[in-house]
Structures are given as C-alpha cells and as structure tokens.
Chemist: 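One structure is given below, represented as structure tokens, and several questions about it will come after.
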Amino acid sequence: MFAAERRQLILEMVRANGAVSLRELARVVQTSEVTVRRDVRALEAEGLLDRRHGGAVLPGGFTRESGFPQKSHLATAEKTAIADLAAGLVEEGEAIVVGAGTTTQELARRLARVPGLTVVTNSLLVAQALAHANRVEVVMTGGTLRGSNYALVGSGAEQSLQGLRVSKAFLSGSGLTAERGLSTSNMLSASVDRALVQAAAEVVVLADHSKLGTDTMFQTVPTDVITRLVTDDPPAHDDRAATELQALADQGVQIAVAGASGASGSPGASGASGGDAVPARQQRRDVPLPGPRRQVPGAGSGLRTATALGEQNGGVAEQRARVADLRRR
C-alpha cells in the first residue's frame, strides 16, 4: 500500500471512530506502528487529525476531549503497566483520593486487594471497580454526573471535598508538560481535580508517555505541586517525551517508569510497603527529587510535605544521568 493510500485509510478510520489507537491502525493498514506513527505525524502537520494518548483523534486543539469509549481503547498496555506500578505506592490502611480517568480505573482494580484502604473518588468507574472489595471503603463525592467520563463534577463535588485530608491523590489528565503541569480539556473536571489535590499531602500523576508534552486548555495541577509521575517507558524515537521527562525531573518531580528494562528500585519515596506488590515483569526507575518542594496548597501542617531527596539519592547529576539514559534507549 502506498503512503497516500495508507494515510487516506487512517484518516477515514479516525473520522469514523473519533479516536483510534496506533496499534489498531497498524493492524488495519498492515504495517508497523513506526510507519503508522510517521503517517499520523504527516496528517497532523496538515491539520487533518491530532495525536493523542497513543493514537490519533479528530482535530480540535485545546478544547476537544475524547469520550470514554475512545479513551478506553487507547494505550491499554501502557495504562496497565502504569497501574501495576502505582498500586505498589499504596499502603494497607491508607486513605487516598482517586480521580476520574481510564488509567485511574485500572489502578482501582488493583487497589481492591489492599486491606483497610479508604478511597475517596468522584468517578463512578473507580467506585464500580472497588464495589465488591470487602476490605476497601469507598466514599463518593456529590455532584452532577458528567456522562462522557462517568464522573461527578460541579459545586456539589467540590463542596463535599472541603475539610478532607488524605495521604495521596492519584490523578490523570489529558496532557502533562513541565511548564504548566497536568491539564485537561474540560473546565468542570479541572475544577474537581484541583479540589482533590487540595485534600492530599502528596500528588501522584498517572500519565502514559503520549501525554508528555501535550498541553490542553485547563490546568489542574501545577508542576511544583506534583510529587511523583508514574509513566511508561517512552519509545527510543520519542524525543518529545524524553525531553519532557528531563524537564519535569529538573523541576523536582520524582519519576517512576513502568517497564524500564534493567531498572530497579524500592517501593518509592512515599515509603509504600503494603498493598499489591509490583509484579516481577514491571520494573521501576525512580528519579529523586533534586531539592525542597513547597507544601501542597490546603494541606495541613501535620501532613507530609515532599522533602529534599536530591542529596539522599545522589543529587541532580545522578538524576539527570538517569533520565538521559531513557533518551538514549
């Protein structure tokens, strides 16, 4: 199949479905994902589609957001790896908040086996994943149901979070950059996510590599508030993701990479020792915090603030060397 024919077929698939994963595109046009990615980039340059979440979507710039059916079929392997690794950060008996999203839904499925856990969420999908977990208490916010992502939003959701204090917040979003932090395409979702962050002593962002370097309309979590990023291993040719990882690490975000070959580490800076153990097939690469982080807004004085772990783990030089290693691969 000639390049022009492939690209026309790719465009027709995206127009018909709204969003299609690179893996599915490669299967249909019977070529490699590398070739499909090159075609998608060419179509994006012409303004015919946008690259998002390990696939391609209809063009819409900052304001467009794919619905749950489209998102659930994109970057599924990456989301699974990220959820496996993130679950190891949760201790038995902890109280956490979990935001809406397909990646956080995957995390919730793994948290069902953590005894004594309390999960506060505005996501019906997260609550459903934990509904039959006998030893997990689920607390849902109020609010108005937003059908596109099965999440409760609005003033009711935000007010129900006032006065809440938990150890960690696990959030996803539409894009992540070192300049603006985590962002999303919907104003109501962004507002609730900010309320979730206010309740937590630590903020853990779950984002696959395709979201790195992507900026969307509404900021949810500024970079200096993010304690840790859990992501997947970016492809060797993805310079944008590797560059963004370096920039995030430079700004103090601790990075854990799922599936990084040859990497190893302890459960993490959060001291997680309970919950689901990280499977043997999942390896982690932690990049230490290079310096003091400011306390998360709204967190009480008695809550843990991200500390200066740079000196304890080899400092900025070692951190940059580790992230540089990702780029070389």
Chemist: Which heavy atom in Gly173 sits nearest to a heavy atom in Lys211, and how many Å separate them?
Modeler: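 Closest pair (atom of Gly173, atom of Lys211, distance): O-NZ, 2.9 Å.
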Chemist: Hey, are Arg146 and Ser189 close enough side-chain-wise for a donor-acceptor pair under 3.5 Å?
Modeler: yes
Chemist: Does Val192 form a side chain to side chain contact (heavy atoms under 4.5 Å, CB included) with Leu152? I'd like the steps, not just the answer.
Modeler: CA-CA 8 Å; Val192 174; Leu152 297 171; over 6 Å; no
Chemist: Do Glu94 and Ser167 get their side chains close enough for a donor-acceptor pair, meaning under 3.5 Å?
Modeler: yes
Chemist: Charged N to carboxylate O below 4.0 Å: is that the case for Arg240 and Glu244?
Modeler: no
Chemist: Thinking salt bridges, do Glu44 and Arg41 make one under a 4.0 Å N-O criterion?
Modeler: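 Looking at Arg41 together with Glu44, the answer is no, because their closest N to O distance does not fall below 4.0 Å.
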Chemist: What closest approach, in Å, do Leu11 and Leu43 show between heavy atoms, and which atom pair accounts for it?
Modeler: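 Looking at all heavy atoms of both residues, the shortest contact is N-CD1, 4.5 Å.
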Chemist: Less than 3.5 Å apart, any donor N or O on the side chain of Thr216 or Ser174 sitting next to an acceptor on the other?
Modeler: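 The answer is no; no qualifying pair exists.
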Chemist: Under a 4.0 Å threshold between the charged nitrogen and the carboxylate oxygen, would Asp208 count as salt-bridged to Lys79?
Modeler: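 No.
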Chemist: Assess, by modelled atom type and distance only, whether the side chains of Thr223 and Glu179 contain a donor and an acceptor separated by less than 3.5 Å.
Modeler: no
Chemist: Going by atom types alone, do Glu158 and Gln162 pair a side-chain donor with an acceptor below 3.5 Å?
Modeler: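 Looking only at side-chain atoms, Gln162 and Glu158 do not form any donor-acceptor pair under 3.5 Å.
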Chemist: Taking all heavy atoms of Thr104 and all of Ala100, pick out the closest pair and write down the distance.
Modeler: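 Nearest heavy atoms, Thr104 then Ala100: OG1-C, 3.3 Å.
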Chemist: Please report the closest heavy-atom contact between Ala81 and Ala258, naming both atoms and the distance.
Modeler: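 Minimum heavy-atom separation between Ala81 and Ala258: O-CB, 3.5 Å.
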Chemist: Restricting to non-hydrogen atoms, name the atom on Asp215 and the atom on Ser183 that form the minimum distance, rounded to 0.1 Å.
Modeler: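 Closest pair (atom of Asp215, atom of Ser183, distance): OD1-OG, 3.7 Å.
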Chemist: Which atom names give the shortest non-hydrogen contact between Ile82 and Thr103, and what distance separates them?
Modeler: CG2-CG2, 4.1 Å
Chemist: Say whether Lys168 and Thr227, considering side chains only, have a donor N or O and an acceptor N or O under 3.5 Å apart.
Modeler: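 Distance-only check fails for Lys168 and Thr227.
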